[in-house]
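Here is the naming used below: chain letters follow the sequence lines, and residue numbers restart at 1 for every chain.
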2 protein chains.
Amino acid sequence: MANLNTDLLTPSVAIDCVVFGFHENELKVLLLKLKNIDLWALPGGFVHKHVDIETEAHNALELRTGLDNIFLKQFHTFGSIERNDTDHNKMLVDKKVIPEEWFPWFNQRFISIGFYALVEYSQVKEPIPGPISEACEWCSVNDLPPLMLDHEHILTVAHETLKKELNNQPIGLNLLPKRFTIPELQSLYETILGKKLDRRNFRRKVMSFGILVCTNERRTGVAHKAPLLYEFDEASYIKANEAGLSSGW
Amino acid sequence: MANLNTDLLTPSVAIDCVVFGFHENELKVLLLKLKNIDLWALPGGFVHKHVDIETEAHNALELRTGLDNIFLKQFHTFGSIERNDTDHNKMLVDKKVIPEEWFPWFNQRFISIGFYALVEYSQVKEPIPGPISEACEWCSVNDLPPLMLDHEHILTVAHETLKKELNNQPIGLNLLPKRFTIPELQSLYETILGKKLDRRNFRRKVMSFGILVCTNERRTGVAHKAPLLYEFDEASYIKANEAGLSSGW
DNA sequence: ACAAAAGTGTTCTGGTTACACCCATGG
DNA sequence: CCATGGGTGTAACCAGAACACTTTTGT
């Protein structure tokens, strides 16, 4: 986007991606730091006229993470008129975050389609900043820098959605390395939910989903008793994802 | 929209509303029949530049139903490039569904934000057709006429969403008259879910939600034992709606 | 009186909660 | 050898599923 060929883009429509990762028992989000100013933004972008919005979201994330097989899900579309803030856009020009020529495009009324993504933290070697940013970093959800416009709100809604999804779907395949221990999986759940769970009940419940395969190998080198390593059985995992976990009516 | 002042509209963005009603034990949807052609469409429209998308959806429905206090919820945004179909739009011009001047606007690449609405069937006295339609009618979800573009898909996704929402939220306040019997509420649930439920278990479950108030009056005039009339306790209903019903983690 | 639908209760089962206990490992 | 965390078991409890019986109404 060193150049902005607005003829190729769908007017009024933007996408924003909330990319979740998990590292050192913290839920992280991938954020871009804008140039010349202490303000951060969600990765995202505009929608080319001939490209599906889902594809465009994938492309945006591939540019930032280098990964091309990211779990992505649309969760909400943000269409308040207050998202459009001329003063904010003028400021972006003043601070040379965006060139002046881009002002008219940026100053449109935008509707933004929110996606959330789940990625394995360690697979993102070096997050890549975009044309209007000077850094791309993982930030802890509990300790966010100042975010532009309504991006903090978008992030919150994504997090809420993720919490709810835990009741309907298994989670972990996209956030954990191939092999992991049950306590690590539990820590992921606890981190997303923001509360402690009972060890024994957690184990029983996730085992009952029938999506975990024990590899009879153990994580070595750590203190205390070496925990068993598990993998997801991908076929069952996908099936559980489609069918859903909860009972209901 | 007898006139289409495109300067006032947000390009590329449309909204489509799936309006559910309940009548004679059938789940109904409000549909518009296009002029001069046997093709139906969801109510919806375009988004004015200075109007929130939620407000715009409300306005669209007020125009069709005359109601201004409709329960509305965004459920998905449809952004496939295949939604844009030039042949289809040419056909609309040929058949004089839309005037030729409108063709360029209609033939844009559109992203459509889907909303579903729940309304009390009997409160919609006479559904009102719009500028490109000659009729506005309730159609049974199980017996749909031919729908334009991807509108059947949108409708299906809305119905799927509604089914899932039944597990998290109480439903009925917006679909039933003020007073109703438990069997009527059950019939609503059965209709949405498309399956039979056990009378006794259903009653116990909905009563446990603590959102129903018994009026000690009975529905008279019907055959067999006169059932008791209930009302929703709105405060509890709203609380249940926000807090959610299922337990989960 | 009888058919049909409303209203109430009971059992059985499976999942959730809240625990106690033993095992392995690094320090 | 002991503190710490991993792994397993179990009793109490509650919600959902399946089902039988009584009550009330119109015909």
**Q** Which of parallel (below 30°), tilted (30 to 60°) and perpendicular (above 60°) describes Phe180(A) and Phe232(A)?
**A**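 Ring orientation, 0 to 90° scale: tilted.
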**Q** How many angstroms lie between atom NZ of Lys239(A) and atom CD1 of Ile211(A), to the nearest 0.5 angstrom?
**A**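 It comes to 12.0 Å.
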**Q** Atom CD1 in Ile111(A), atom CZ in Arg83(A): separation rounded to 0.5 Å?
**A**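 If we round to the nearest 0.5 Å, Ile111(A):CD1 and Arg83(A):CZ are 8.0 Å apart.
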**Q** Atom CG of Leu229(B) to atom C1' of dG7(C): distance rounded to whole Å?
**A**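 Going from CG in Leu229(B) over to C1' in dG7(C) covers 14 Å.
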**Q** Would you say the rings of Phe115(A) and Phe75(A) are close, in the sense that their centroids are separated by under 6.0 Å?
**A**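 Ring centroids of Phe75(A) and Phe115(A) are no less than 6.0 Å from each other.
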**Q** Starting at CG of Leu42(B), measure out to CD of Glu152(B) and round the result to the nearest 0.5 Å.
**A**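 The distance works out to 10.0 Å.
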**Q** Output the rounded distance in Å from CD (Gln186(A)) to P (dG7(D)).
**A**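 Distance check: Gln186(A) CD to dG7(D) P gives 11 Å.
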**Q** Whole Å only: how far is the CZ atom of Phe209(B) from the C1' atom of dG16(D)?
**A**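 It works out to 12 Å between those atoms.
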**Q** Going by heavy atoms closer than 4.0 Å, what residues in residues 187-205 of chain B are next to DNA chain C?
**A**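 By residue number: Arg199(B), Arg200(B), Arg203(B), Arg204(B).
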**Q** How close or far is atom C1' of dG16(D) from atom CG of Asn167(B), stated in whole angstroms?
**A**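 Going from Asn167(B) (CG) to dG16(D) (C1'), I get 13 Å.
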**Q** I need the CD-P distance between Glu184(A) and dG5(D), as an integer number of Å.
**A**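 For the pair Glu184(A) CD and dG5(D) P, the rounded distance is 14 Å.
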**Q** Show me the protein contacts with nucleotides 23-27 of chain C, counting only N or O atoms at under 3.5 Å.
**A**
| from | atom 1 | to | atom 2 | distance (Å) |
| --- | --- | --- | --- | --- |
| dT25(C) | O4' | His224(A) | O | 3.3 |

**Q** May I ask you to say what Ile182(B) touches in the nucleic acid, namely base, sugar-phosphate or nothing, with a heavy-atom cut-off under 4.0 Å?
**A**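 Here Ile182(B) touches no strand at all.
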**Q** Can you tell me how far the NZ atom of Lys73(A) sits from the CD atom of Glu165(A), to the nearest 0.5 Å?
**A**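 Lys73(A) atom NZ to Glu165(A) atom CD measures 4.0 Å (nearest 0.5 Å).
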**Q** Atom OH of Tyr230(B) to atom P of dA6(C): distance rounded to whole Å?
**A**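 To the nearest whole Å, that distance equals 12 Å.
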**Q** Report the distance from atom CG of Leu34(A) to atom CG of Leu39(A), rounding to the nearest 0.5 Å.
**A**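 Those atoms lie 5.0 Å apart.
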**Q** Does Thr215(A) form a side-chain contact (heavy atoms from CB on, under 4.5 Å) with Tyr230(A)? I'd like the steps, not just the answer.
**A** CA-CA 5 Å; Thr215(A) 69; Tyr230(A) 287 79; 5.8 Å; no
**Q** Should the pair Tyr121(A) and Trp138(A) be assigned to parallel (<30°), tilted (30 to 60°) or perpendicular (>60°) ring geometry?
**A**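 Correct class here is tilted.
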**Q** Nearest whole angstrom, please: distance from the C1' of dA6(C) to the CG of Leu228(B).
**A**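 About 9 Å, once rounded to whole Å.
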